[in-house]
Amino acid sequence: MAHPKARVPDGKVTYPPGVKEISDKVSKEEMVRRLKMVVKTFMDMDQDSEEEKELYLNLALHLASDFFLKHPDKDVRLLVACCLADIFRIYAPEAPYTSPDKLKDIFMFITRQLKGLEDTKSAQFNRYFYLLENIAWVKSYNICFELEDCNEIFTQLYRTLFQVINNGHNQKVHMHMVDLMSSIICEGDTVSQELLDTVLINLVPAHKNMNKQAYDLAKALLKRTAQAIEPYITNFFNLVLMLGKTSVSDLSEHVFDLILELYSIDSHLLLSVLPQLEFKLKSNDNDERLQVVKLLAKMFGAKDSELAVQNKPLWQCYLGRFNDIHVPIRLECVKFASHCLMNHPDLAKDLTEFLKIRSHDPEEAIRHDVIVSIVTAAKKDLSLVNDQLLNFVRERTLDKRWRVRKEAIMGLAHIYKKYSLQVEGGKEASKHISWIKDKLLHIYYQTSIDDRLLVERIFAQYMVPHNLGTADRMKCLYYLYATLDPNAVKALNEMWKCQNMLRHHVKDLLDLVSKPKSEASSKAVFSKVMVITRNLPDPGKAQDFVKKLAQILEEDERIREQLDTLVSPACSCKQAEVCVKDITKKLSNPKQPSNPFLEMIKFLLERIAPVHIDMESISALIKQVNKSIDGTADDEDEGVPTDQAIRAGLELLKVLSFTHPVSFHSAETFESLLGCLKMQDEKVAEAALQIFKNTGHKMEESFPHIKSVLLPVLQHKAKKGTPRQAKYAIHCIHAMFSNRDTQFAQIFEPLQKGLDSACPDKLITPLSTLGHLALLAPEQFAGPLKSLVANFIVKELLMNDRILGKKTTKLWVPDDEVSQETLAKIQGIKLMVRWLLGVKNNLSKSGNSTLRLLTAILSSDGDLTEQGKIGKPDMSRLRLAAGSALLKLAQEPCYHEIVTLEQYQTCALVINDECYQVRQAFAQKLNKGLWGLRLPLEYLAVFTLCAKDPVKERRAHARQCLAKNVNIRREYLKQHSAVSEKLFSLLPEYVVPYTIHLLAHDPDYVKVQDIEQLTDIKEALWFILEIIMAKNENNSHAFIRKMVENIKQTKDAQAPGDPKMNEKLYTVCDIAMNIVMSKSATYSLEAPKDPVLPARFYTQPEKSFSNTKNYLPPEMKSLFTPGKPKASNVLGAVNKPLSSAGKPLPTKSSRMETASSNSNPDSPGCNTGRLDSADMDHSENEDVAGLKRSDKRDDPDPARDSDRPRGRKRNAAASQDDDSAQEAKPKRGRKKAAGAATTDSANVSMETEDEQNSPPKKGRRGRPPKSATPKEDTPSKGRRGRKKAPPPEEEEEAEEEVQDEAGDQNSEDTDVKPKAGRQARKPRRSQQRGEASETTQSPAAPTPQKRRGRPPKSAQQAAKKPARRGRPRVGVKVNESVNEDEEEEDEEEQEV
């Protein structure tokens, strides 16, 4: 385009060619047309056109006039803005406008035009885009830096751009906006707070959610200008965070949100801000700390965050907030943990210790969220959580709050299903969490019905999902059962038993409501409703709901039929599912969405519906067992040895045969079981026999072909099988055949004739068979049996020792090392007992003679003939057999009546036997007899002697047994109010007279006024009183006090004329009285009723006799410390005291108290808290075997008792009045010849014997033996009381584990200090080792006498290592036959 080169006169506006004057005189349309031509002209011009720039200078000034800048038409304004933008481009770097005000007006005008960018569909959008592109490329706004009002211009520009940006804009628009704004920040001298706020406000969550594009624009701008803008951001946060000047910006309240966003955009923006957060974490303002914690949780937990690595001081400071005093802060920290574990597995190690502390937090919500955090991470990927974290979840399954327990249990269930059942993480992950299945089932030991219902639900949905196909479901159950630990197996068995029992209760209720209404039937219905209620959560509400259900059952025949089908033994799993749906649908109410009644009925239906086991399932399970037998199963792939799988499968079938016998009634099942009988594995055959016994009651009618094949097999097993096989074979014949008398006779006669005492190995099975025949058919074989017992069992077998036993110091050996003669004698003892239990009368006085014989065995330490031929292990076995036999006979009323007090006391002393395994097995049998309410109440007092047991596990077990039996009796009395006439034999408080009498006759109680002996008595009394007095129901403390007062007004019925004996009795009474007075605040109240004293133990009080004398020495007063008895704990404590290493500190309660004392009659084990101690067969012994023993006492002179004689001559009374240091106690065993001294070489070989089974030298009954030291010059009088010596480290650690499982603490403090009082002392192991090494070089001393029925009293300096408190050495199997005997007796009790 050609332009005139002449200079334009001043003031005259020159328009481009073809463009006429633009003024207010032309129309809008014409003005627009002319402006478009001007725009075109300026667009085509460049900065080098000097002449054109001069020519159009006045036009440029004219376009900046107010006429155009304030023109009402937007098209005109847009075109003018485009012209002005080009003018700035053309005249750059100098603008043609020199007035600051004019420049401000122009840029504010251009900014306003940029709002047109908002509408991307507008016809003029391209011109708006051109305007943006032009000013961004030229950086036109940089001219404003020199203006005073530049901040206002920039702020308005930024606001406009952030307002107009939207998702209709393409990347170019976004880029030009960033270019325009970044140039202002990067090239300007400063960034005002107002401008900074304009950018940062788009990062605030509310604005971010409203306009995501503005957020993205701000994010891009900050990334571009990070280096330039960082000082201004730092200054802003300094003012707000450090100086508290919140007025500097409206964004002050959003500082933490801004920090989070800025960190996610570019961490360099906060290099100087993050240290300020460390300061804020220590603020005194709880809310401020909480906000910082929330912020840092997000920053540390973000997926790609490296903040923890880059700023370790801040990370450590943040971790410290896990221990913050403010609950919401700790809660926030715990919630953050899951994100951190999932996004930053490398930080798991740092988090573990703090999560450990918080898992014991006193706040329920925090403990709950610890579980949630760990489980959430584990469900995402098991590798994200370490073993410690999973262990925290495991611990919380015993939390005392149901919400926390439930979360932990359900969390483990989800993890198990995902990684073990669905095998999502591979076999390695499945193996890693294999413990979960056991732990989940262990929860069934808890007393809370909520816990048990949850376990049942988890088993049906997560462990063996009921919705699987029959074959898959049974395969899953088969391999699960094969891999469970013994306690989990017991729990699962108990679960099925409880469900089966509840089914029977519901069946009984259906039968009752079907009968015509009467007063008797209404009472029966109410009684049954109460029984069912106890099996549901929240018994208070459940009672009303079950009553309502009973009423509905009376009225609605359809529901009654459906429920009857559901509880029918023949109900299939599919039928059960249909019935549950129908009943639920019928009882639901659409108008009532929340229906507590329906929820409770669902709980009931869940428990009684057979969702796993039916006839089809049993058939599938049998096929799975057969596959293992044939070698075609996937046993190895499932990680189970084939033999173990077969045994477990048959054990499972055996259990199911108790609970679902009808499901076994198929020819295929019975034929498979016949095949198992012919297998070589003894255990397999035993299980098959038991299954036949439980399920074969209709075999004669329904399966005659099976009967004809089975009978010869049973006869063969009864004659030639193992003792247990013989037992089950006899019981099978008794249960299955109608002509059992004939079959029994065919077995009895040849066995009786073939008995030969010269071949003891051929006697064991025949004696077992004859014993069970005597039990099941006493009348049929009455004559022959009496003769057999008198002439063969007693005279030929028990009274003769034909085989010389091995000389060993061991007190116990495994079954395969027990002599055949001893095993035969044990079976002979059992035969006598079974015969008497079958006869159930003492008309022939056979019971008296048998009791005398059994007591003689105990009195002679198991060596009835006293010829010294029997080895020590065999003697232990015989003592256990005799003690167990006495307990068995005492359960039958006709024999209990004839047990003399001396025989009762002799039997009681077995619980203090010198052999650990004898004590263990005897205590278990005693507990089982008491637990079933079969043994009389006086036998509960026997557990008081366990207070002197040297092994803490035995003491803990005894406490558990006591607590369990006390609770059982109290619960029984509550449920059976009609048995008030039996109160004397059931009320736990009535055990006190028996305890006092038993302790008064304690053979260790010699000197009436001896302080240490009295201290032992006090410990033993408190051992049982602590549990009985834990609950002062019906003012029982006053009742006990009254009972003790009444005893002091009587005399000992065993020796009424013996003043010394009566003085002992009154002294024990005074100890009991002082305990009650020191531990109770209500003892002085009126007793609820006058107690009745047992006439066999105490004489009737004489009216003329009033005994108010205090028999205790004054020194005893200081031993009675006041304080309430401790209640028995069941669920775990929330917070255990932690040392710096994180282990529980040993406290008095943690050493002396059992893991759990509360109990439940329905519990699968004796311990209904954390540990299955009562039935702790292998597990208990293994735990004990792994612990080291302490041979030390607190005695300053360990050699005090070294020269004290042991034992007691028969018919000779020891001196009672000798006060010298060498005074001997009455001896309790038979006098035996002292063993000759052995050579050094013999001594060395003796040391290799099992130390646990070696009798400790001169140890006191049930007390830890004193260690021997080389220093024996000044032997002094030994202490008779067992001082509470601290256990070795290993023992303390083991006890701490027990306490952690059992939750023996109730404190909820965040930091708990150990109680004052007795403090833990370090075990002097080095000293022991030195002593042991010295003793091995000294000559062996003569073997001292054993004390009848009790562990020895004190360790003597001898060639042997110090005695080890009657515990097994590591690695020695000590429990094999004890457990077998236990099982046999167990099953026998059920059968009887």
| said: Evaluate Val38 against Leu63 for side-chain contact (heavy atoms from CB on, under 4.5 Å), listing each step before the verdict. | reply: CA-CA 10 Å; Val38 174; Leu63 289 173; 4.2 Å; yes
| field | Pairs where residues 191-236 contributes a residue and the test ring pair (Phe, Tyr, Trp, His ring centres under 6.0 Å) is met, not counting sequence neighbours | value | none
| remark: Between His176 and the options Tyr128, Tyr130, Phe129, the ring-ring contact (aromatic ring centres under 6.0 Å, His included) test singles out Phe129
| field | Check ion pair Arg34-Glu30 (N to O, under 4.0 angstrom) | value | yes
| said: We want to know whether Asn386 and Thr352 form a side-chain donor-acceptor pair, criterion being a heavy-atom distance below 3.5 angstrom. | reply: yes
| Lys/Arg-Asp/Glu bridge criterion (N-O < 4.0 Å) met for Lys102, Asp66 | yes
| query | Does a side-chain N-to-carboxylate-O contact under 4.0 Å join Glu363 and Arg330? | reply | no
| Does one side chain, of Ser99 or Asp101, offer a donor that lies under 3.5 Å from an acceptor on the other? | no
| query | So, Glu261 and Lys208, do they make that salt bridge, N to O below 4.0 Å? | reply | yes
| What pair of heavy atoms forms the shortest contact from Cys333 to Phe322, and how long is it? | O-CZ, 3.4 Å
| said: Once salt bridge (charged side-chain N to carboxylate O under 4.0 Å, His left out) is applied, do any residues pair with Glu187, and if so which ones, sequence neighbours excluded? | reply: Lys139
| query | Under 4.0 Å between a Lys/Arg side-chain N and an Asp/Glu carboxylate O for Asp216 and Lys219? | reply | no
| field | Tyr318-Phe354 aromatic ring centre distance below 6.0 Å | value | no
| Side-chain ion pair, Arg77 and Asp73, N-O less than 4.0 Å | no
| task | Would you please test Asp369 and Arg358 for salt bridge (Lys or Arg N to Asp or Glu O under 4.0 Å) and show each step? | result | CA-CA 9 Å; Asp369 281 6; Arg358 294 286 62 80; over 6 Å; no
| Is any side-chain N of the basic residue among Asp285 and Lys280 closer than 4.0 Å to the acidic one's carboxylate O? | no
| query | Is the gap between the ring centers of Tyr141 and Tyr158 under 6.0 Å? | reply | no
| said: Distance alone, cut at 3.5 Å: any donor-acceptor contact between the side chains of Trp137 and Asp179? | reply: no
| query | Taking NZ, NE, NH1 and NH2 as the nitrogens, is one of them in Lys104 or Asp149 under 4.0 Å from a carboxylate oxygen of the other? | reply | yes
| For the residue pair Arg289 and Lys282, what are the closest heavy atoms and their distance? | CD-C, 4.4 Å
| query | If only atom types and distance count, is the side chain of Asp266 paired as donor or acceptor with the main-chain N or O of Leu262 below 3.5 Å? | reply | no
| query | What is the minimum heavy-atom distance between Val39 and Asp86, and which atoms define it? | reply | O-OD2, 4.3 Å
| Glu194 bridged to Arg159 by N-O distance under 4.0 Å | yes
